[in-house]
Structure formats: C-alpha cells, structure tokens
Amino acid sequence: MRIRRKPWARPELEACPFYTEHPAEYAGRWNEWFGNGKPIRVELGCGKGGFISQQAVNDPDNNYIGVDLIDAMLGLAKRNVERAYAEVGREPDNVRLVTLDIERLFLMFREGEDVIDRIYINFCNPWPRPKQHKKRLTHTRQLMTYRRFLKPGGEIWFKTDSDMLFDASLRYFAEAGFTQVYLTRDLHASGFTGSIPTEHERMFTEEGIPTKFVIMRRDELPGAETE
Ligand SMILES: C[S@@+](CC[C@H](N)C(=O)[O-])C[C@H]1O[C@@H](n2cnc3c(N)ncnc32)[C@H](O)[C@@H]1O
C-alpha cells in the first residue's frame with residue numbers, strides 16, 4: 001500500500017501512551033504492560049488500523065497488539081484507535097501499536113514465551129515472484145517463527161484477495177503444523193459474521209474480488225511425537 005509521508009506521525013506516536021518503537025523491551029512483559037491479565041492477540045501489518053481499532057474496542061475481554069513498519073500507517077492507526085474509543089467514552093486500555101519489521105517479530109517475545117492466543121494477517125503482500133515467496137507473512141518460515149509465541153491450540157485468522165497466495169498459504173500452514181478450523185473462498189457470501197472488514201477488504205470488495213478467509217489452529221508439527 002502506497003502512502004504519503006505524514007510529518008505529524010512520528011511526534012504523535014512518540015507521545016502516544018499505547019505505542020512503542022522498542023517492542024523488544026516488552027519481551028516477557030506484555031502482560032505486565034497491559035496490566036489486566038487478559039489474552040493477547042496480534043495483528044501483523046495493521047496498516048491504517050481500521051481493523052484493529054474496531055476489533056479491540058468491540059472486544060474488551062482481549063488485548064490487541066498492532067504491528068506495522070511504516071510511521072504514516074501507525075500514525076493513522078493511532079488516530080483511528082483514539083476515535084473508536086472516544087466514540088464509546090473509553091480509554092484505549094486493551095490495545096498497543098508497535099513499529100517492527102515482522103521478519104524480526106521474534107524480538108518481541110522471549111524464546112518459548114507462548115503468550116499469544118490469536119494472530120490476524122489481513123491482506124498481506126502476495127509477493128508473486130518465486131524469489132520473493134519467503135517474504136510472505138504466511139510462508140512456512142514465518143509460521144515457524146509465530147509458533148514460538150503462539151499458544152498451542154492458538155489460531156491464525158488469515159484473509160486475502162489473492163487466490164495464488166491463499167492456495168500457497170494452505171500448503172505453508174500444513175507444513176508448519178497448523179490444522180484448518182474454518183475456510184471460505186468468499187467470506188461475504190459465507191454467512192460468517194465474526195470478522196471486521198479491513199481497508200483493503202473494502203477496496204477489493206468494491207472491485208468485486210471475493211475475500212478468501214481461513215482459520216488455522218496451531219497443532220503438532222507433522223512427524224513430531226511431542227513438542
Ligand atoms: C497491503 S497492506 C494491508 C493493510 C491492512 N492489513 C488491510 O487489510 O487493509 C500491508 C501492511 O503491512 C505492512 N507490512 C508489510 N510488510 C511488513 C513487515 N515486514 N513488517 C511490518 N509491517 C509490514 C505494510 O506497511 C502495510 O501497512
């Protein structure tokens with residue numbers, strides 16, 4: 001997603017109490033920062049925050065961390081979070097925003113710290129060229145990293161417009177020891193109501209492109225007796 005630079009984003013983020021550009025400092029301490037003992041869910045590539053702001057405000061029983069790389073995106077996400085909570089007269093107490101390259105996500109957690117119970121991956125870059133496949137957020141290599149902090153039985157909720165990425169991801173999930181819980185190739189025609197639309201989802205839906213959606217559960221690795 002292309003986005004213009006937003007000179008206000010960096011200073012606003014630095015002053016924001018629910019934002020950090022040093023997520024490694026919270027490795028092993030996410031529960032402490034939230035201070036409420038609730039389960040934690042992560043959105044990878046949260047973009048402008050349309051999804052996480054609504055998801056978090058609608059679901060006060062869980063905590064949410066939105067991860068992105070780009071200040072302009074996170075600045076808009078911060079404003080969307082503030083707006084969503086102001087509308088219901090609450091403080092954003094169950095949401096955090098983080099600057100981090102997802103390829104370095106392991107920095108956010110201690111080794112073996114399975115503290116996350118759900119990961120959302122919404123409309124990530126399909127990286128179509130074979131040489132780029134390893135960069136896909138659903139690539140087996142990435143999924144193996146997520147296993148390090150996703151609880152056993154924890155889920156990944158993945159949405160995309162791309163059939164090619166979706167089909168490849170189903171293979172990646174199987175290779176990385178994930179079991180399918182739910183799958184649809186047309187989310188909006190499926191009757192599934194538990195998923196808030198993202199900015200990209202709205203755009204692709206207007207273009208008539210169906211949203212492919214799968215819920216995958218972390219199980220044992222193929223061939224592994226116990227982990
Ligand atoms: C195509 S946009 C999708 C945004 C949003 N999830 C949606 O569905 O509208 C992908 C987002 O992922 C972020 N992103 C891509 N690669 C990333 C990486 N390696 N680390 C962190 N964020 C990344 C981009 O900055 C962008 O905001």
Side-chain angles (χ1 to χ4, degrees), residues 1-6 9-10 12-13 19-24 26 41-56 58 64-81 83-84 95-109 116 118-129 131-146 148-149 156-166 168-169 172 184 186-188 192 194-207 209-215:
M1 189 197 295
R2 291 239 178 98
I3 188 166
R4 280 214 191 112
R5 235 190 117 249
K6 310 232 174 295
R10 177 68 359 222
E12 269 197 35
L13 288 168
Y19 165 79
T20 182
E21 62 174 327
H22 304 294
Y26 295 93
R41 299 174 172 185
V42 178
E43 186 190 6
L44 300 180
C46 65
K48 300 175 188 172
F51 175 83
I52 200 165
S53 57
Q54 285 306 315
Q55 181 69 35
N58 289 353
Y64 288 86
I65 305 173
V67 181
D68 209 286
L69 196 53
I70 298 176
D71 274 0
M73 295 288 187
L74 287 161
L76 291 167
K78 176 233 173 217
R79 289 186 173 184
N80 274 327
V81 167
R83 195 173 305 123
V95 63
R96 301 288 182 263
L97 297 175
V98 163
T99 297
L100 189 67
D101 181 342
I102 292 159
E103 297 224 7
R104 293 159 61 79
L105 199 66
F106 58 89
L107 291 176
M108 268 178 63
F109 304 98
I116 300 303
R118 187 178 297 172
I119 296 172
Y120 296 96
I121 303 174
N122 294 321
F123 296 84
C124 59
N125 191 325
W127 295 111
R129 294 200 208 123
K131 270 191 179 169
Q132 302 170 321
H133 287 181
K134 279 193 177 159
K135 291 172 176 248
R136 291 171 167 172
L137 297 188
T138 53
H139 191 273
T140 313
R141 187 184 67 143
Q142 288 294 127
L143 296 176
M144 293 306 289
T145 302
Y146 308 155
R148 288 156 64 171
F149 55 85
I156 298 184
W157 289 33
F158 171 53
K159 293 197 275 194
T160 182
D161 57 299
S162 164
D163 284 300
M164 180 189 56
L165 176 63
F166 193 66
S169 299
Y172 303 149
T184 173
D186 189 348
L187 176 59
H188 302 140
F192 187 95
S195 181
I196 289 167
T198 76
E199 281 94 356
H200 272 65
E201 187 169 346
R202 289 183 200 284
M203 190 177 78
F204 287 120
T205 303
E206 274 174 27
E207 290 173 18
I209 301 171
T211 294
K212 275 60 74 178
F213 171 56
V214 72
I215 299 176

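This chain uses plain numbering: 1 for the first residue, then up along the sequence. Because the structure is predicted, anything quoted here is derived from the model rather than measured. Just follow the structure's listing: the first ligand is 1, and inside any ligand the first atom is 1.
With Phe204, Trp127, Phe123, Tyr120 as candidates, the residue nearest to atom 3 (C) of ligand 1 on a non-hydrogen basis is Phe123. In this structure, of Asp68, Ile52, Thr160, Asp161, the residue bringing a heavy atom nearest to atom 14 (N) of ligand 1 is Asp68. Nearest to atom 2 (S) of ligand 1 by heavy atom, out of Met203, His200, Arg136, is His200.
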Which is it for Arg41 and Ile119 under the side-chain contact (heavy atoms from CB on, under 4.5 Å) test, yes or no, and what are the steps along the way? CA-CA 6 Å; Arg41 299 174 172 185; Ile119 296 172; over 6 Å; no
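With ligand atoms numbered from 1 in the order given, ligand 1 contributes 25 (O) to contacts under 4.0 Å with heavy atoms of Ile70. Per-residue contacts place Asp101 under 4.0 angstrom from the following atoms of ligand 1 (heavy atoms of the residue considered): 18 (C), 19 (N), 20 (N). Against a heavy-atom cut-off of under 4.0 Å, Asn122 is close to the following atoms of ligand 1: 3 (C), 5 (C), 6 (N), 8 (O). Close contacts between ligand 1 and Gly47 involve ligand atoms 27 (O) [criterion: under 4.0 Å to a heavy atom]. For ligand 1, the atoms closer than 4.0 angstrom to any heavy atom of Glu199 are 9 (O).
Residue Thr198 places at least one N or O, backbone or side chain, under 3.5 Å from an N or O of ligand 1. Distances between N or O atoms of Ile102 and those of ligand 1 include at least one value under 3.5 Å. Where the criterion is an N or O separation shorter than 3.5 Å, residue side chain and backbone included, Leu137 fails it with respect to ligand 1.
Met73 counts as a contact of ligand 1, since one of its heavy atoms falls under 4.0 Å from the ligand. Contact analysis puts Leu100 in contact with ligand 1, with a non-hydrogen atom separation below 4.0 angstrom. Using a 4.0 Å heavy-atom cutoff, Asn125 is absent from the residues neighbouring ligand 1.
Crowding of Lys6 atom NZ: a count of heavy atoms from other residues, nucleotides or ligands under 6.0 Å exceeding 12.
Of the N and O atoms on the side chains of Arg141 and Tyr172, not one donor lies less than 3.5 Å from an acceptor on the other residue. A donor-acceptor contact under 3.5 angstrom links the side chains of Ser195 and Lys159, judged on distance only. A donor atom on one side chain and an acceptor atom on the other are found under 3.5 Å apart for Thr99 and Tyr19.
Ring-centre distance between Phe192 and Phe213: below the 6.0 Å cut-off.
Counting heavy atoms from C-beta outward, Phe109 and Ile116 have side chains that approach closer than 4.5 Å.
The aromatic rings of Phe204 and Phe123 lie parallel to each other, with less than 30° between the two planes, well short of the 60° mark.
Under the 4.0 Å criterion applied to side-chain N and carboxylate O atoms, Glu103 and Lys134 are not assigned as salt-bridge partners. Salt bridge annotation for Arg118-Glu43: absent, with no cationic side-chain nitrogen under 4.0 angstrom from a carboxylate oxygen.
If you look at Glu43 next to ligand 1, the close heavy atoms, those under 4.0 Å, all belong to the side chain.
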